[in-house]
Amino acid sequence: MLDQILIQGFKQAFIDLYGEEPAENQIVFQKTRTEFEGDRTIVVFPFVKIVRKSPEVIADEIGNRMLHSVDIVERFNVVKGFLNILISDSYWITYFNQHYKNTRFGFKEIDNEAPIVVEYSSPNTNKPLHLGHVRNNLLGFSVSEILKANGHRVVKVNLVNDRGIHICKSMLAWQKWGENRTPENADIKGDKLVGEMYVRFDKELKSQLAQLVEEGVPENELLKKAPLMLEAQDMLQKWEAGDAQIRELWNTMNTWVYTGFDATYKRLGVDFDKIYYESETYLLGKDLVQEGLKQGVLFKKEDGSVWCDLTSDGLDEKLLLRADGTSVYMTQDLGTAEQRAGEYHPSKLIYVVGNEQNYHFDVLKLVLRKLKRDWADAIEHLSYGMVELPQGKMKSREGTVVDADELMDEMVLTAKTMTEELGKSTNLSEPEANKLYHQIGLGALKYFILKVDPKKTMMFNPQESVDFNGNTGPFIQYTHARINSLLRKAVELNIRFEDNQVVELLSKEKMLISQLYNFPSILADAGINRSPALVANYLYDLAKDFNQFYQEIPILKEENVINLNFRLLLCSFTQHVLQSASALLGMEMPEKM
RNA sequence: GGUCUCGUAGCUCAGUUGGAUAGAGCAACAGCCUUCUAAGCUGUGGGUCGAAGGUUCGAAUCCUUCCGGGAUCACCA
């Protein structure tokens, strides 16, 4: 590729001139800044010491040498210690000719190596999905798609947290105050109904607690004394014992929730290859603990509880089994990890989980290493930042969460309003229009969330965050639709465009090809860094470059047939890349908008 | 308090192995539709890259200290 050719050429020129081999890691070509002429730049400062000449002289000597020895070097110039190299049009054109027909440009073929398992979403079944889950789902989905594009086999899994005290709280509240409401008879989404019950429980519990405080119950005993908590605990025990009535209620309510979740997932455009349920996996991990005890890497305290000592790793002691022999979150995770490892023999086990659980995953890996699991290092916590609102963190109980369904409703509605204002909905049938609003609204949402570096905490302002102009999803979609319009017209005008014969490039044409050239390496980086943000930012750069090209250079109006032909091919190539890169973010491209 | 993490324009964000005068979008202001979709393009203004030291030819980027925000350190999940 381009950089390899330049590096090789630079190295040879250096040896020829100075009789010494330059350090490989010092030879780095970067993109030339726009204010200078050239495509690639190398900094020669590092070589000053070896050559003992001024940076300008070195750059000039090497530039001259490369001009003759490397045929893709068209011209060069030297500014201070920077050697700017202009690549010949023929290089770009050859590159273009080799790739523009490739509909899988930048994508690698799927290999037969061990798969990568990506766990994401992992909701609790006691409340509906909110904005935080939206970030998780979009990230998990997108990272999976990006890894596939990089040639990996990917298994997307979802571990649903369908049991535990929090579910019992919703169940109990429904028994007491649910008035036999069902999603059908109350015309409400199942996850919303169950969520309401959870909130109701919390409300009633609070008033009980307040009552207890008045009665003078000490703070640390409040939860142990509250009748509602005792009832919930009791219900959990009955659940664990397999009590038929409780199980039936549990089944019913969970089914409501799944129906609701499925609708949300579908609308969000995410999917899973396999769904696990914690009710089926929560007992896993106990064997591992026993094994650890035997090996002496875990220890038992007087009360019978089992711990792992991580103090030598800079962490604390960690509980793995309670005194009564029941397991905790960590125990289950050890078990499910072992299950996954056995089931898929994955090369990587990626968990898409918020950064509030960094500590948990550190511990998980350490314990597995102590247990001599050689796949422990395959575990990777894809830790993403929280989504904050202007008024601070989202809190379910304080009603400051942004509900996923409502958020999507709003986005789609805004898309509709915008489209109508722009007068672009007039020729559409109703189903077509609705599809378009969905594509635009969700495109805006997905792009907004995925363009931010996953690791970073991000701010979401419902009032003003999601825009449709500038660096946004609809901007990318609009660019795609524009190209589509051009190509459609070309067909109507019976313009055939097949093989390129252009030999010279205008500056915006070259800029566009050079941007397209970047895609494969961006995609590879996005895979390595698990970062959809790299793809999103690339899409913006590409769309921006295209719009500049479009603005400055006539396409259909071009009279020279060779140029016309070439520009249409360039448009079509750009469109392919916009489309396939957007798909990696789960963003659909409308034909018209 | 320990550990981790973040701090870049009024706001939201880029800036990945150290490189030239730190970039976009939004918001503000000024232009461009009888011409391929104006959800676009062009331009203006806006910065002590949290602060101070250090490393070096060169630091937003690496190191140290400090300031400020967040997360975490549960017999919760």
Are OP1 or OP2 of [N] and a side-chain N or O of [X] less than 4.0 angstrom apart?
X: A/Arg482; N: B/A39; result: no
X: A/Lys424; N: B/A39; result: yes
X: A/Lys451; N: B/A24; result: no
X: A/Arg163; N: B/C76; result: no
X: A/Lys489; N: B/U37; result: yes
X: A/Asn461; N: B/C11; result: no
X: A/Lys80; N: B/G58; result: no
X: A/Tyr359; N: B/U72; result: no
X: A/Lys49; N: B/C57; result: yes

Can you check the [X] [atom1] to [N] [atom2] distance for me, whole Å?
X: A/Glu240; N: B/A77; atom1: CD; atom2: P; value: 10 Å
X: A/Asn469; N: B/G40; atom1: CG; atom2: C1'; value: 9 Å
X: A/Ile27; N: B/G19; atom1: CD1; atom2: P; value: 18 Å
X: A/Asn563; N: B/C36; atom1: CG; atom2: C1'; value: 15 Å
X: A/Lys592; N: B/A39; atom1: NZ; atom2: P; value: 16 Å
X: A/Phe546; N: B/G40; atom1: CZ; atom2: C1'; value: 11 Å
X: A/Ile522; N: B/G15; atom1: CD1; atom2: P; value: 10 Å
X: A/Asn471; N: B/G23; atom1: CG; atom2: P; value: 17 Å

As an exercise, state the distance from CG of A/Leu422 to CZ of A/Phe468, rounded to the nearest 0.5 Å. 10.5 Å
Is A/Phe36 stacked on the base of B/A20, with ring centres under 5.5 Å apart and planes under 30° apart?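 Stacking between A/Phe36 and B/A20: present.
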Looking at every strand, decide which applies to [X] at a 4.0 Å heavy-atom threshold: base, sugar-phosphate, or nothing.
X: A/Gln548; result: sugar-phosphate
X: A/Pro46; result: base
X: A/Val452; result: sugar-phosphate
X: A/Met386; result: nothing
X: A/Ile553; result: base
X: A/Thr472; result: nothing
X: A/Phe475; result: sugar-phosphate
X: A/Tyr540; result: sugar-phosphate
X: A/Leu534; result: base
X: A/Ile440; result: base

Looking only at atom [atom1], what distance separates [N] and [M], rounded to whole Å?
N: B/A30; M: B/C36; atom1: P; answer: 27 Å
N: B/C33; M: B/G70; atom1: C1'; answer: 48 Å
N: B/G54; M: B/U17; atom1: P; answer: 24 Å
N: B/U12; M: B/A38; atom1: P; answer: 32 Å
N: B/G31; M: B/C13; atom1: C1'; answer: 27 Å
N: B/G1; M: B/U61; atom1: C1'; answer: 30 Å
N: B/A9; M: B/U65; atom1: C1'; answer: 28 Å
N: B/C67; M: B/G50; atom1: C1'; answer: 7 Å

State which of [options] makes the closest approach to the side chain of [X].
X: A/Met459; options: B/U12, B/G19, B/A14; value: B/U12
X: A/Val328; options: B/C36, B/A71, B/C75; value: B/C75
X: A/Asp303; options: B/U37, B/C6, B/C75; value: B/C75
X: A/Phe82; options: B/C13, B/A20, B/A38; value: B/A20
X: A/Val28; options: B/U17, B/A39, B/A77; value: B/U17
X: A/Gln357; options: B/A77, B/G40, B/C13; value: B/A77
X: A/Asp316; options: B/A39, B/U17, B/C73; value: B/C73
X: A/Asp453; options: B/A14, B/G19, B/C36; value: B/A14
X: A/Lys544; options: B/A39, B/C75, B/U42; value: B/U42
X: A/Arg33; options: B/A20, B/C26, B/C75; value: B/A20

Pair A/Asp541-A/Gln515, side chain to side chain donor-acceptor pair (under 3.5 Å): steps then yes or no: CA-CA 8 Å; A/Asp541 289 338; A/Gln515 190 65 264; 4.9 Å; no
What about [X]: does its side chain form a donor-acceptor pair under 3.5 Å with the base of [N]?
X: A/Thr41; N: B/A20; answer: yes
X: A/Thr457; N: B/A71; answer: no
X: A/Asn84; N: B/A20; answer: yes

Quick one about [Y] and [X] (side-chain donor to acceptor, distance below 3.5 Å, no hydrogens or angles considered), yes or no?
X: A/Asn518; Y: A/Tyr538; answer: no
X: A/Ser383; Y: A/Asn358; answer: yes
X: A/Arg163; Y: A/Asn254; answer: no

Please report whether the ring centroid of [Y] lies less than 6.0 Å from that of [X].
X: A/Tyr120; Y: A/Tyr351; value: no
X: A/Tyr329; Y: A/Tyr282; value: no
X: A/Tyr198; Y: A/Phe201; value: no

Position toward the 5' end of RNA chain B (nearest nucleotide), A/Pro454 or A/Asn355: A/Pro454
A/Ser485 or A/Ala323: which one's nearest nucleotide on RNA chain B is closer to the 5' end?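 Residue closer to the 5' terminus by nearest nucleotide: A/Ser485.
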How about A/Trp250 and A/Cys168: do any of their side-chain heavy atoms sit closer than 4.5 Å?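 No, their side chains stay 4.5 Å or more apart.
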For atom CG of A/Asp303, decide whether the heavy atoms of other residues, nucleotides or ligands shown that lie under 6.0 angstrom number more than 12.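 Yes - once you tally the heavy atoms of other residues, nucleotides and ligands closer than 6.0 Å, there are more than 12.
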